[in-house]
Amino acid sequence: MNIPFLDLKRQYNLIKDEINDAVMDVLDSQKFILGEKVEEFEKNVARYCGAKNAIGVASGTDALLLSLKAHNISGKVLTSPFTFFATAGAIYNAGAIPQFIDIDPKTYNMSPDGLENVIKKYENVSAIIPVHLFGQSTDMDPIIEIAEEHDLTIIEDAAQSLGAEYKEKKIGSINTSCFSFFPSKNLGCLGDGGMITTNDDELAEKIRTLRVHGSKPKYYHHMIGYNSRLDAIQASVLNVKLKYLDKWTDARIKNAMNYNKYLKDLINLELPEMHVRGKHVYNQYTIKVKSDLRNNMKEFLGENGINTSIYYPLPLHLQPCFSFLRYTKGDFKNSETACNEVLSLPIFPELKKEEIKYVTDTIKNFVFN
Ligand SMILES: *Cc1c(COP(=O)(O)O)cnc(C)c1O
């Protein structure tokens with residue numbers, strides 16, 4: 001059996017006519033930049049997340065960059081070293097310096113332990129960017145408490161977590177939050193796209209201005225902004241796909257529960273159980289393979305037609321481009337161990353139960369041979 005890591009064609013084939021019509025609508029209108037479709041999608045996402053405002057931008061990376069700029073962030077910004085590069089790249093490109101806080105090894109998300117010490121160590125910390133990795137919320141309450149105490153801004157990297165919940169609240173409904181519609185996210189478009197949600201009307205207006213070169217009205221610039229807009233074609237397609245998001249999320253959760261059922265009690269494997277009260281939307285189903293077996297297992301699965309991924313092989317504090325931050329190996333042990341042990345299995349909503357069974361049988365063959 002051949003099992004792709006992610007097969008977007010299966011999803012497209014289920015709603016092909018609707019998607020094609022949505023694209024044709026925009027072609028017929030010949031209105032490509034912002035406009036009605038984008039406004040409609042912004043309203044839909046704001047309602048979906050329970051936020052007052054949603055602002056469409058060109059990517060998840062730009063959502064982070066424009067959020068940092070709109071909040072006037074400078075100095076140091078704390079984030080996780082176990083995330084996609086964009087989180088820290090955006091901090092640097094916004095003119096601030098990323099500093100890292102290790103993860104909780106169970107959730108892969110920023111641990112509040114040590115946060116206070118780092119804030120005291122560097123005097124100019126101005127913001128914290130928790131990342132809701134793989135579809136599960138960071139444990140926000142202790143982080144919010146520390147941020148309030150030290151008057152720090154929180155910007156959430158929710159690129160992998162649209163639809164996820166922390167306690168009873170949707171991600172995106174509390175702090176400024178950044179989403180991505182990169183094709184591999186839970187809600188993916190036909191290329192790049194991103195969104196910022198916020199309850200602060202003034203901040204929302206500032207981001208709307210920043211995404212059009214800081215001009216308001218047109219050709220009058222009070223700020224130096226960017227060209228960073230969500231395309232009308234993307235918004236039109238996303239309006240169609242958003243209607244299916246909860247159904248797809250349910251399918252991801254069901255797949256995860258099947259993996260859990262078939263893989264439980266295997267030695268040397270750790271499964272992605274929920275460790276925070278809320279809703280995990282499984283952008284990834286990531287297991288931990290102990291005792292240096294990860295790379296061998298990945299190879300064995302590959303030989304048996306099963307495609308897997310390693311998110312992420314190298315933590316950000318050890319990336320060559322951040323050597324100027326002077327971190328060394330051993331600084332964030334939980335993140336470093338995660339990089340050596342994680343393996344993400346196929347989890348996309350259209351994956352069939354037989355396919356999950358085949359993946360788990362193959363893993364059992366590996367573990368017990
Ligand atoms: C995908 C992703 C981003 C960046 O989103 P793009 O739309 O690809 O720019 C940022 N942070 C995390 C955690 C991501 O997974």
Side-chain angles (χ1 to χ4, degrees), residues 5-6 8 38 41 45 54-69 77-94 96 98 100-101 103 107-110 127-138 140 154-164 166 171-172 175-197 207 211 226-231 233-235 237-238 241 252 272 280-286 309-317 319 322 335 338-339 342 344 347-348:
F5 182 67
L6 171 64
L8 292 170
V38 174
F41 182 57
V45 171
I55 309 103
V57 294
S59 67
T61 306
D62 276 7
L64 291 161
L65 179 65
L66 270 67
S67 295
L68 287 157
K69 281 288 178 183
V77 177
L78 307 180
T79 193
S80 163
F82 188 64
T83 174
F84 179 56
F85 180 77
T87 318
I91 293 170
Y92 184 82
N93 285 329
F100 301 111
I101 300 286
I103 56 168
T107 61
Y108 305 111
N109 288 328
M110 180 189 280
I128 307 176
I129 305 189
V131 183
H132 308 305
L133 205 68
F134 301 150
Q136 176 169 225
S137 175
T138 301
M140 291 300 293
I154 295 178
I155 295 171
E156 300 181 33
D157 183 339
Q160 302 183 4
S161 292
L162 183 61
Y166 177 61
I171 297 293
N175 302 293
T176 305
S177 299
C178 303
F179 296 93
S180 164
F181 308 115
F182 185 81
S184 67
K185 312 294 185 186
N186 287 20
L187 181 67
C189 64
L190 310 181
D192 282 307
M195 185 75 77
I196 299 159
T197 60
I207 295 167
R211 74 177 167 180
Y226 302 85
N227 174 354
S228 183
R229 297 167 294 230
L230 183 66
D231 282 324
I233 289 180
Q234 304 299 355
V237 168
L238 287 163
K241 293 181 81 172
R252 284 176 182 274
H280 194 321
V281 295
Y282 293 99
N283 179 243
Q284 299 300 339
Y285 182 89
T286 303
S309 291
I310 294 170
Y311 300 122
Y312 298 90
L314 187 64
L316 298 189
H317 66 287
Q319 295 289 347
F322 286 134
S335 299
C339 288
V342 289
S344 296
I347 185 74
F348 60 92

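Order of listing sets the numbers, starting from 1, for every ligand and every atom in it.
At distances below 3.5 Å, at least one donor-acceptor pair connects side-chain atoms of Gln319 with backbone N or O atoms of Leu314. Checked by atom type and distance alone, the side chain of Thr138 pairs as donor or acceptor with a backbone atom of Val131 at under 3.5 Å.
Aromatic ring orientation, Phe82 versus Phe134: perpendicular (interplanar angle above 60°, classes split at 30° and 60°).
Contact residues for ligand 1 (protein heavy atom closer than 4.0 angstrom to any ligand atom): Ser59, Gly60, Thr61, Thr83, Phe84, Ala86, Thr87, Val131, Asp157, Ala159, Gln160, Ser180, Phe182, Lys185, Gly193.
Proximity of the aromatic rings of Phe41 and Phe181 is defined here by a centroid distance below 6.0 angstrom, and this criterion is met. Between Phe85 and Phe322, the distance separating the two ring centers is shorter than 6.0 angstrom.
The minimum heavy-atom distance linking Ser80 with Ile103 is given by the pair OG-CG2, 3.4 Å.
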